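Written out below as structure tokens is the structure these notes cover.
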Protein chains: 4
Amino acid sequence: MPPPSEPVEETERLLTRAGGELKTERRKRGADVARAAIVHAAATAFAQRGYYGTTIDDIARESGYSPAAIYKYFTNKEALFSHLWNVMAEQLQKLFEESTRMPVPFSQRLRWLLSKLGEILQSSPDLLIAFIGQRPYVARSHPTELERQSFRQYKRHLMQLKALMEQGIHERVLGSGPAEDYANLFVGLLYEFAYKWVTAPASADLQHHEDRVLNLFLHGAGPLRGGK
Amino acid sequence: MPPPSEPVEETERLLTRAGGELKTERRKRGADVARAAIVHAAATAFAQRGYYGTTIDDIARESGYSPAAIYKYFTNKEALFSHLWNVMAEQLQKLFEESTRMPVPFSQRLRWLLSKLGEILQSSPDLLIAFIGQRPYVARSHPTELERQSFRQYKRHLMQLKALMEQGIHERVLGSGPAEDYANLFVGLLYEFAYKWVTAPASADLQHHEDRVLNLFLHGAGPLRGGK
Amino acid sequence: MPPPSEPVEETERLLTRAGGELKTERRKRGADVARAAIVHAAATAFAQRGYYGTTIDDIARESGYSPAAIYKYFTNKEALFSHLWNVMAEQLQKLFEESTRMPVPFSQRLRWLLSKLGEILQSSPDLLIAFIGQRPYVARSHPTELERQSFRQYKRHLMQLKALMEQGIHERVLGSGPAEDYANLFVGLLYEFAYKWVTAPASADLQHHEDRVLNLFLHGAGPLRGGK
Amino acid sequence: MPPPSEPVEETERLLTRAGGELKTERRKRGADVARAAIVHAAATAFAQRGYYGTTIDDIARESGYSPAAIYKYFTNKEALFSHLWNVMAEQLQKLFEESTRMPVPFSQRLRWLLSKLGEILQSSPDLLIAFIGQRPYVARSHPTELERQSFRQYKRHLMQLKALMEQGIHERVLGSGPAEDYANLFVGLLYEFAYKWVTAPASADLQHHEDRVLNLFLHGAGPLRGGK
DNA sequence: CATGAATGAGGGTTCATTCAT
DNA sequence: GATGAATGAACCCTCATTCAT
């Protein structure tokens with residue numbers, strides 16, 4: 001009776017607007033389609049109206065299924081949100097990890113990471129917003145299980161980024177300052193520009209956004225220094 | 001019947017943990033005391049459990065008044081939250097404005113601004129979190145009035161900061177890059193470090209935090225360059 | 001916020017059809033009246049359609065209040081039922097206790113006990129049925145908290161009756177057989193005749209019923225023997 | 001479309017833990033096996049968690065079949081329960097009838113009846129509890145069809161027992177009191193001791209239980225009298 | 001014969017809000 | 001000025017039941 005917690009990758013693939021050809025495999029079909037529709041509807045709804053502002057009925061309506069159907073695939077509202085959140089969290093986690101392992105100079109890895117993040121922003125802005133929107137709850141005094149989980153994941157991400165930054169420090173591409181600060185700077189920029197882009201997507205092309213973030217990250221707001 | 005929307009400054013004064021001597025002036029007393037108690041209770045509750053997680057009953061209980069009393073002072077839950085939000089928004093707005101007008105070099109103004117923000121973080125962390133926590137809703141497709149208002153205010157803050165940054169650019173303390181980017185960088189850092197400090201306040205003294213933020217803002221993560 | 005668990009006696013008094021003059025004391029009124037109405041409606045409903053067959057809406061409708069009002073007085077459906085159940089359980093418990101302490105011969109005490117039980121049956125048949133109807137759940141493998149509680153109380157009643165029977169044995173009014181058996185016999189008869197009376201109340205006057213129960217209890221179905 | 005209401009005896013045979021050899025007769029097999037599995041699972045489930053506490057999904061899971069399959073054999077949940085109930089009711093009915101026809105002295109017939117009841121208690125305690133648990137609903141003001149049926153059957157049992165008791169009276173093994181009272185006494189003892197045995201089965205061997213019931217039935221709780 | 005998939009019809013519960021006192 | 005009492009409107013979730021395959 002516990003709804004089968006399908007591998008997160010599946011959902012991820014189905015959600016991605018880019019590679020969503022939905023191969024017509026001879027799978028159980030029905031169930032998969034329904035699950036994907038629900039997950040998709042949920043991502044949109046949660047992103048637009050937040051966790052509390054979204055009702056199960058909303059998701060049901062938007063997905064084309066009945067509220068009861070949703071409970072066949074997820075134990076409850078929180079589990080559904082949690083699933084979505086994990087999809088994004090794992091995607092990011094993987095990205096961060098990968099970026100620390102690429103056998104190329106640090107600055108290339110940074111670029112690569114940023115461009116990958118840009119792709120996510122483009123392919124699943126809904127999910128990304130739903131994800132980031134969860135962060136504020138991190139500071140709660142009486143966190144729900146969901147909030148506790150978010151907090152843990154948030155710190156895990158920071159750790160990963162810190163590791164990356166340490167490599168940058170080692171390669172002398174970054175300064176000597178505490179790697180953690182750099183990680184925070186990175187995250188701060190990411191969130192800020194993600195919002196900027198989402199609230200006004202037409203403002204410019206994504207590539208340009210990435211360049212600006214990279215530049216701000218490396219040199220801050222101060223004047224170009226040195227010989228120049 | 002719409003409860004008189006008392007000047008925000010009053011609340012602000014009452015909330016600040018520092019200078020809250022509550023002089024026994026010749027005033028209607030009762031009403032003021034009640035209002036202050038309610039506002040204070042609301043700030044704590046909203047910060048700890050969020051807008052949706054906080055019930056009017058919660059606030060009533062914590063304030064020592066009845067739910068009905070709250071409606072004597074605020075038209076509804078949203079108005080109460082909105083008021084709190086505005087208190088913080090105006091406080092920040094004033095700070096930003098002031099910082100563009102100080103007749104001292106840019107870097108001093110920046111320092112001053114940061115230290116002022118630090119004071120706020122220390123005196124009303126609850127409020128500040130409640131304030132920042134509101135930001136994610138900014139991107140909603142179907143925003144409530146509160147969200148629309150938040151969005152406007154958020155942009156106003158950015159404008160103000162952009163003006164400040166333009167001064168910095170003019171004084172050659174900052175680079176030539178678009179002032180808006182610098183404003184975003186500043187905000188990103190602010191939020192990130194505010195969270196950091198709130199979720200682990202003991203981590204270090206605030207002064208130190210400010211230094212790091214300033215440093216990251218001015219120089220980014222890149223290495224200190226050349227001749228210096 | 002936890003609804004005030006008013007002393008059970010109060011409810012008991014209000015429910016009793018006999019002495020229910022509802023003195024117009026200058027009490028908080030409202031709340032008391034409402035609570036009594038809800039409790040009364042609940043007793044009727046539960047007795048007629050059982051715990052599961054009764055909805056909060058039923059009780060609300062019959063009590064003349066809204067469903068939400070019920071939750072002001074009882075934390076939830078189970079708590080409401082549990083309260084009713086306790087009212088009866090304590091009433092019985094007190095009766096049983098008292099009957100073991102009366103300074104009169106055993107057979108008089110027994111008579112007195114039966115007549116008291118008869119009074120209850122007449123004044124609150126609803127409650128009594130709701131109470132007895134709970135017993136079957138006693139044997140559940142996976143009991144709810146309510147069921148566990150019922151079971152404990154049931155055994156407590158048996159213990160009390162056993163104590164009474166031991167006195168009867170000691171006074172030679174009863175045989176030597178295990179007191180526990182006598183307690184079970186007594187309970188069995190009680191339940192059986194309570195049902196009989198409730199399902200066909202007009203069948204005879206209560207006094208007559210009591211006599212028969214007493215007779216069956218003392219002599220069973222066998223023939224009157226010997227010399228007598 | 002109404003599923004063929006197979007003769008109750010079949011189920012009875014399949015349920016009885018004792019003689020369940022399930023001969024591989026030339027029969028539709030499949031269907032029979034499925035039906036038996038469902039009925040068996042239902043008996044267990046209903047007995048453990050009651051009618052309302054048991055879901056069709058529960059029964060399906062425990063039977064190894066799907067919920068839909070259940071509807072192939074029974075029109076609905078109530079019909080399934082009703083069937084189980086009838087199995088027990090008819091078994092008892094037959095027992096009672098038979099006991100009035102045995103060409104042996106009354107006391108032997110009584111003994112025989114009790115031992116037969118003991119066998120049932122041992123072989124299908126689940127069913128017996130599910131059966132007895134139904135009784136309280138007998139008194140409902142707005143009975144469901146199931147409850148009406150239970151009530152009728154209950155009275156039929158009493159009638160049967162009353163007939164038996166009349167024989168006892170005639171044979172002078174019982175007193176002269178109304179036969180109906182004796183029937184009620186018998187039922188009361190039966191239920192009470194059935195519960196006792198089920199809630200604490202290890203307490204003693206069944207034979208002993210039967211003796212006690214018989215003794216209580218014949219002589220009540222009073223002292224052994226007269227010259228005897 | 002069997003089931004996977006889906007749903008309609010509630011049921012319990014919460015909560016912002018009102019209003020007579 | 002303050003509140004006790006009450007409620008309408010949802011919301012989350014469950015479950016018996018159906019039906020195409």
Side-chain angles (χ1 to χ4, degrees), chain A residues 1 28-35 52-60 64-80, chain B residues 1 28-35 52-60 64-80, chain C residues 1 28-35 38 52-60 64-80, chain D residues 1 28-31 33-35 52-60 64-80:
Chain A
M1 180 163 280
K28 331 157 214 157
R29 233 46 243 299
D32 278 7
V33 172
R35 200 172 198 275
Y52 291 105
T54 301
T55 74
I56 291 286
D57 275 41
D58 287 343
I59 298 173
Y65 288 83
S66 72
I70 294 178
Y71 288 88
K72 281 279 193 289
Y73 298 97
F74 297 93
T75 16
N76 52 30
K77 190 183 172 187
E78 181 168 328
L80 173 50
Chain B
M1 185 164 283
K28 326 161 214 158
R29 270 329 300 283
D32 276 8
V33 172
R35 200 171 200 275
Y52 291 103
T54 302
T55 73
I56 290 285
D57 276 40
D58 287 343
I59 298 173
Y65 288 82
S66 74
I70 294 178
Y71 285 86
K72 279 280 194 297
Y73 297 98
F74 299 93
T75 24
N76 53 30
K77 190 184 173 185
E78 182 168 325
L80 173 50
Chain C
M1 181 165 279
K28 331 158 215 155
R29 228 49 238 301
D32 277 6
V33 172
R35 201 171 198 275
I38 288 167
Y52 292 105
T54 301
T55 74
I56 290 286
D57 276 40
D58 287 343
I59 299 173
Y65 289 83
S66 72
I70 295 177
Y71 287 89
K72 280 279 194 290
Y73 298 96
F74 298 93
T75 18
N76 52 30
K77 190 184 173 186
E78 181 167 327
L80 172 50
Chain D
M1 184 163 284
K28 327 158 214 157
R29 272 325 304 284
V33 171
R35 199 171 199 275
Y52 291 103
T54 302
T55 74
I56 291 286
D57 275 41
D58 286 344
I59 298 173
Y65 288 83
S66 73
I70 294 178
Y71 286 86
K72 277 280 191 300
Y73 297 98
F74 299 92
T75 23
N76 53 31
K77 190 184 174 185
E78 183 167 325
L80 172 50

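Chain naming here is simple, since letters A, B, ... match the order of the sequence lines and numbering starts at 1 in each. Treat the numbers as computed from the prediction; the structure is a model and nothing was measured.
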In whole angstroms, the gap separating C1' of dC11(F) from CG of D57(A) amounts to 8 Å

Just to be sure I understand the rule, does I56(B) reach a base, reach only the sugar-phosphate, or reach nothing, if contact means heavy atoms closer than 4.0 Å?
base

Nearest-nucleotide check on DNA chain E, E78(C) vs P67(B); residue mapping nearer the 5' end is E78(C)

Rounded to whole Å, the OH-P distance (Y52(B) to dA10(F)) equals 15 Å

Pairwise 5' ranking along DNA chain F for G64(C) and S66(B), keeping only the more 5' one:
S66(B)

The side chain of Y65(B) is closest to which nucleotide in this list: dT7(E), dT13(E), dT3(F)?
dT3(F)

dA6(F) P sits how many Å from R35(C) CZ, rounded?
13 Å

Counterpart base for dT21(E), defined by Watson-Crick or G-U wobble contacts under 3.5 Å:
dA2(F)

Start at the 5' end of DNA chain E and walk down; is the nucleotide closest to A68(D) or to I70(A) reached first?
A68(D)

Which of dG12(E), dA16(F), dA5(E) is nearest the side chain of K77(D)? It is dA16(F)

For Y73(B) and A69(B) the tightest heavy-atom approach is CD1-O, 3.2 Å

For the atom pair OG (S66(C)) and OH (Y71(C)), what is the distance rounded to the nearest 0.5 Å?
11.0 Å

Does the side chain of Y73(D) get closer than 4.0 angstrom to OP1 or OP2 of dA2(E) through an N or O atom?
yes

Is the backbone of T54(B) close enough, under 3.5 Å, to the side chain of K77(B) for a donor and an acceptor to pair up by distance?
yes

Can you check the Y71(B) OH to dA6(F) C1' distance for me, whole Å?
14 Å

It should be established whether K72(B) places a side-chain nitrogen or oxygen under 4.0 Å from OP1 or OP2 of nucleotide dA2(F).
no

